[in-house]
Number of protein chains: 2
Amino acid sequence: MGIAPCCMVKGKLNLPSKSYQRIRSDHASEVAEDYVEAIADAISERGVCRAMDLVKHFAVTHATVNNTIARLQRDGLVVTEPYQPIDLTAAGRRLATQSRKRHEVVESFLKAMGVSAATAATDSEGIEHHVSKETLNAMKRVLADGWPSNP
Amino acid sequence: MGIAPCCMVKGKLNLPSKSYQRIRSDHASEVAEDYVEAIADAISERGVCRAMDLVKHFAVTHATVNNTIARLQRDGLVVTEPYQPIDLTAAGRRLATQSRKRHEVVESFLKAMGVSAATAATDSEGIEHHVSKETLNAMKRVLADGWPSNP
DNA sequence: CGAAAAAGTTAGCCAGTGCTAACTCAGGAA
DNA sequence: TTCCTGAGTTAGCACTGGCTAACTTTTTCG
Ligand SMILES: [Mn+2]
Ligand SMILES: [Mn+2]
Ligand SMILES: [Mn+2]
Ligand SMILES: [Mn+2]
């Protein structure tokens with residue numbers, strides 16, 4: 001799921017160190033994922049997404065939202081024009097949907113595990129970006145069928 | 001668990017957006033946590049930790065390790081002198097122990113959930129930094145007593 | 001011992017993600 | 001209609017954490 005930053009120069013590497021490359025790549029796409037999700041939410045809740053919605057949502061400044069949106073536009077996830085609301089491209093919508101699904105699984109899983117709603121909300125927001133397909137499937141399985149080897 | 005970067009200016013904020021501040025702060029301490037853990041491992045496995053050990057472990061260049069170690073030294077987690085091995089301060093050792101414990105819980109939890117060892121190793125490496133005390137305790141509880149409301 | 005190889009250092013670059021400050025624009029109240 | 005205010009923009013800065021390239025030091029080995 002992701003956009004590559006400058007520091008993702010890949011090399012031929014032996015196994016153990018590969019984990020850290022995955023994590024660096026996870027982090028590179030993290031902000032994009034959170035933004036498209038937030039933009040999709042704003043649009044479905046309030047009809048449009050304005051920069052101020054994101055300022056409040058992420059607790060960052062105006063200027064930061066502007067920079068980030070410019071990057072997302074550069075990367076083809078978002079479209080906006082001066083003083084206009086922010087919209088998602090098809091690719092942005094796809095990423096938003098996919099990210100939200102994964103996010104929901106992680107959050108539900110934490111709650112099912114006995115974690116409070118508030119903590120589940122906060123922790124899932126960070127954890128979601130590091131959950132591989134395999135782990136996500138394991139979470140879904142536990143939510144559906146219970147913990148392994150428990151009838 | 002952590003060191004504050006420039007961009008951690010805090011303000012009086014309403015609840016929802018606070019999650020993202022937590023995550024930014026998690027990320028700020030992430031590299032420090034992984035490094036002290038790797039340094040502690042190298043010392044216990046090979047007696048000393050050399051920069052090259054970290055180069056291989058993290059799949060980054062020499063120069064990057066050097067920069068990072070300088071930051072960790074600045075932050076009082078590490079001591080080293082030119083051309084000498086890298087050692088941990090008391091604070092560094094504390095952070096390493098704490099981080100390793102948390103890491104082990106997360107990794108064991110993923111494996112207990114049915115995730116393969118390789119995926120558990122990779123995913124836990126990113127997830128660990130976003131697991132709050134409460135979620136960590138929930139994981140320990142599940143490992144010890146099984147999934148909630150299962151006799 | 002001496003030279004080549006390995007390890008470490010330093011300088012200079014870049015992108016991401018945050019900030020403040022100063023500006024411009026748009027829309028509503030007086 | 002004018003002006004104030006809030007929203008948006010832009011410029012300029014700092015720090016993290018990547019990189020390459022050129023250099024120095026240390027270690028190893030013939
Ligand atoms: Mn998130
Ligand atoms: Mn993360
Ligand atoms: Mn770890
Ligand atoms: Mn880690």
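All chains are named by letter (A, B, ...) in the order of the sequence lines, taking the proteins before the strands, and each is independently numbered beginning at 1.
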Asks: Kindly say if R74(A) contacts the phosphate of dG16(C), meaning a side-chain N or O under 4.0 Å from OP1 or OP2.
Replies: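 Yes, because at least one side-chain N or O of R74(A) sits under 4.0 Å from OP1 or OP2 of dG16(C).
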Asks: Between C1' on dT17(C) and CD1 on I69(A), what's the gap in Å once rounded to a whole number?
Replies: 13 Å
Asks: Look at D26(A) together with R22(A) and state whether they make a salt bridge at an N to O cut-off of under 4.0 Å.
Replies: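 Result for this pair is yes, salt bridge flagged.
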Asks: Both M52(A) and V60(B) contact DNA chain D. Which one's nearest nucleotide lies toward the 5' end?
Replies: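 Looking at the nearest nucleotide for each, M52(A) comes out on the 5' side.
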Asks: Can E33(B) and R102(B) be counted as an ion pair, charged N to O under 4.0 angstrom?
Replies: yes
Asks: Between F109(B) and W147(A), what is the ring plane arrangement, given parallel below 30°, perpendicular above 60°, and tilted in between?
Replies: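 Ring orientation, 0 to 90° scale: tilted.
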Asks: E30(B) has an atom CD; how far is it from atom P of dC15(D), in whole Å?
Replies: 21 Å
Asks: Ring centroid separation for H129(A) and H27(A), is it under 6.0 angstrom?
Replies: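 No, the ring centres sit 6.0 Å or more apart.
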Asks: Round to the nearest Å and state the distance from H62(B) atom NE2 to dA7(C) atom P.
Replies: 7 Å
Asks: Please determine, for the side chain of R71(A), which listed nucleotide (dT16(D), dT17(C), dC25(C)) has the closest atom?
Replies: dT17(C)
Asks: Rounded to whole Å, please give me the gap between CD1 in I86(A) and P in dA7(D).
Replies: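 The answer, rounded to whole Å, is 13 Å.
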Asks: Roughly how far, to the nearest 0.5 Å, is CG of L88(B) from OH of Y35(B)?
Replies: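 The distance works out to 13.5 Å.
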Asks: For the side chain of R24(A), starting at C-beta, report the closest nucleotide among dT9(C), dG18(D), dA7(C).
Replies: dG18(D)
Asks: Hey, can you pull the residues of residues 40-51 of chain B with a non-hydrogen atom under 4.0 angstrom from DNA chain D?
Replies: none
Asks: With respect to the phosphate group of dC19(D), does any side-chain polar atom (N or O) of T61(B) fall under 4.0 Å of OP1 or OP2?
Replies: yes
Asks: Expressed as a whole number of angstroms, how long is the span from N67(A):CG to dC13(D):P?
Replies: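 Answer to the nearest Å: 15 Å.
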Asks: Does dC19(D) have OP1 or OP2 sitting under 4.0 Å from an N or O in the side chain of T64(B)?
Replies: yes
Asks: Start at the 5' end of DNA chain D and walk down; is the nucleotide closest to Q84(B) or to Q84(A) reached first?
Replies: Q84(A)
Asks: Of all the choices, dG18(C), dT24(D), dG8(D), which nucleotide is nearest to the side chain of Y83(B) once you look at every atom?
Replies: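 That would be dT24(D).
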Asks: Rounded to the nearest angstrom, tell me the gap between atom CG in L54(B) and atom P in dG18(D).
Replies: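 Answer to the nearest Å: 12 Å.
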Asks: What nucleotide, of dT20(C), dC19(D), dA7(C), holds the atom closest to the side chain of A63(B)?
Replies: dC19(D)
Asks: Taking only the side-chain heavy atoms of V31(B) (C-beta and beyond), determine which of dC19(D), dG17(D), dT24(D) contains the nearest atom.
Replies: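 Nearest to the side chain of V31(B) among the choices is dG17(D).
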Asks: I need the CG-P distance between L72(A) and dA15(C), as an integer number of Å.
Replies: 17 Å
Asks: For E81(B), is the CD atom crowded, meaning more than 12 foreign heavy atoms sit under 6.0 Å from it?
Replies: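 It does not: E81(B) CD has 12 such atoms or fewer within range.
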Asks: Below 30° counts as parallel, above 60° as perpendicular, anything between as tilted: where do the rings of F58(A) and Y20(B) land?
Replies: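 Answer is perpendicular, since the angle exceeds 60°.
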Asks: To the nearest Å, give me how far apart CG (N66(B)) and P (dT9(C)) are.
Replies: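 Taking CG of N66(B) and P of dT9(C), I get 5 Å after rounding.
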Asks: Do the charged groups of R46(A) and D41(A) touch, with an N to O distance under 4.0 Å?
Replies: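 Salt bridge flag = no for D41(A) with R46(A).
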